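Here's the structure we're looking at; comments come further down.
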There are 2 protein chains.
Amino acid sequence: MNKEKAHDEFKLFLKAGKHRITPERFEVLSYAFESGDHFTADDLYLEMKNGKSNVSRATVYNSLELLVKCEMLAKRNFGENKTFYESSYNRKNHVHLICKECGEIIESNNIKVAELVNSIAKKNNFINESFQFNILGKCKKHSK
Amino acid sequence: MNKEKAHDEFKLFLKAGKHRITPERFEVLSYAFESGDHFTADDLYLEMKNGKSNVSRATVYNSLELLVKCEMLAKRNFGENKTFYESSYNRKNHVHLICKECGEIIESNNIKVAELVNSIAKKNNFINESFQFNILGKCKKHSK
DNA sequence: TTCAGTGCAAAAACTTTGCAGGAGG
DNA sequence: CCTCCTGCAAAGTTTTTGCACTGAA
């Protein structure tokens, strides 16, 4: 997704939900999309501060939640007790492989995951909305 | 796993790792196995305090980590920023279905999950040690 | 003009650490 | 007797909240 399209989509979402259109929210959007694949709210806040942005920590947290609600970002959580965000555009059904040695996060797309999720949900009378699928272990470099 | 067997297994593990055999560690073990399927360290600490146990918070955290290391408990994390523990006895390869409405956690066992994990790991030159597989959505009661 | 959104700092929630005293081996 | 473990409290981390002010509609 390019930046302009993202900007417009977020704007529409804000209007629809009667949230105000503020420059701070678009600043967060812009940094979020320039940031790496997986970042935390605080990382982004510090990055923005470095980049001479004056957006406050509270606003960063708030704006990221709005971006999750409008499905432009997805929340992840990899075992440490902190929340990561990632762009969710065109990224359904993917799995994270997380190296316990170096923390590297590899993403893998596998068509069978979605099928499996649906079949498990169905079997348990459960309405599937999203999933987290993390495989923990050692990456190639650290498998000694 | 019955309580005595668990006690013995933990004892052997402690000896093997040159950890001391202390009454506090076995108290934590005992409460952990009487506690629900998924509990946090702090929940357990408060429960123990209620139960007139004098074990400190630090010791609860420490002992739970030892129980994870000896593979009697598994660490989980369901999207909120806190660590849950669960008994890992006879519970490889299971998936959690978490209701966003009421927080209920359903467990599902599915033989295909392990196969899929192994095949994804292999494809990415990754050594699979464990996984987290959570499906988020609505349970039967809340699917309206 | 109005009130949602903002910045700031304080509080909250969960976990880890430092230290002095106590008990396991 | 030597340390590892313990309890306690303090500190650390990440996230949320309260409050007074500001700016979007």
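Being a predicted model, the structure only gives us computed values, none of them experimental. Proteins come first, then strands; the chains are lettered A, B, ... in the order of their sequence lines, and each starts at number 1.
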What's the closest nucleotide to the side chain of A:Ile21 if the choices are D:dT17, D:dA24, C:dT6?
D:dA24
Integer-rounded Å distance: D:dA24 P and A:Leu14 CG:
14 Å
Could you pick out which residue, A:Tyr45 or B:Arg57, lies toward the 5' side of DNA chain C when each is mapped onto its nearest nucleotide?
A:Tyr45
On the 0 to 90° scale, with breaks at 30° and 60°, tag the B:Phe13-B:Phe10 ring pair as parallel, tilted or perpendicular.
parallel
In terms of heavy-atom contacts, does CG of B:Asp8 have more than 12 from other residues, nucleotides or ligands at under 6.0 Å?
yes
Just N and O in the side chain of A:Thr22: are any of them under 4.0 Å from OP1 or OP2 of C:dT6?
yes
D:dG12 C1' sits how many Å from A:Glu80 CD, rounded?
15 Å
Interatomic distance where NZ belongs to B:Lys15 and P belongs to D:dC4 [whole Å]:
18 Å
Of B:Ala58 and B:Pro23, the one whose closest nucleotide on DNA chain C sits nearer the 5' end is B:Ala58
Rounded to whole Å, please give me the gap between CD in B:Glu65 and P in C:dC14.
17 Å
Side-chain N or O of A:Tyr61 closer than 4.0 Å to phosphate OP1/OP2 of D:dT16:
no
Contact under 4.0 Å: A:Asn62 side-chain N or O vs C:dT6 OP1/OP2:
yes
What nucleotide, of D:dC8, D:dT15, C:dC8, holds the atom closest to the side chain of A:Lys82?
D:dT15
Measuring to OP1 and OP2 of C:dA4, would you say a side-chain N or O of A:His19 lies under 4.0 angstrom away?
no
Which part of the nucleic acid, if any, lies within reach of B:Thr83 when heavy atoms closer than 4.0 Å are counted: base, sugar-phosphate only, or nothing?
sugar-phosphate
Do A:Ser108 and B:Lys123 have side-chain N/O donor and acceptor atoms under 3.5 Å apart?
no
Contact class for B:Asp42 (heavy atom, under 4.0 Å): base, sugar-phosphate, or nothing?
base
State whether B:Asn81 places a side-chain N or O below 4.0 Å from either non-bridging phosphate oxygen (OP1 or OP2) of D:dT15.
yes
Do B:Arg20 side-chain and D:dC4 base share a donor-acceptor contact under 3.5 Å?
yes
Looking only at the side chain of A:Thr59 (C-beta and beyond, no hydrogens), which of the listed nucleotides C:dG5, C:dT6, D:dT14 gets closest?
C:dT6
Side chains of B:Thr40 and B:Asp43: is there a donor and an acceptor less than 3.5 Å apart?
yes
Side chains of B:Asp37 and B:Ser87, donor plus acceptor under 3.5 Å
no
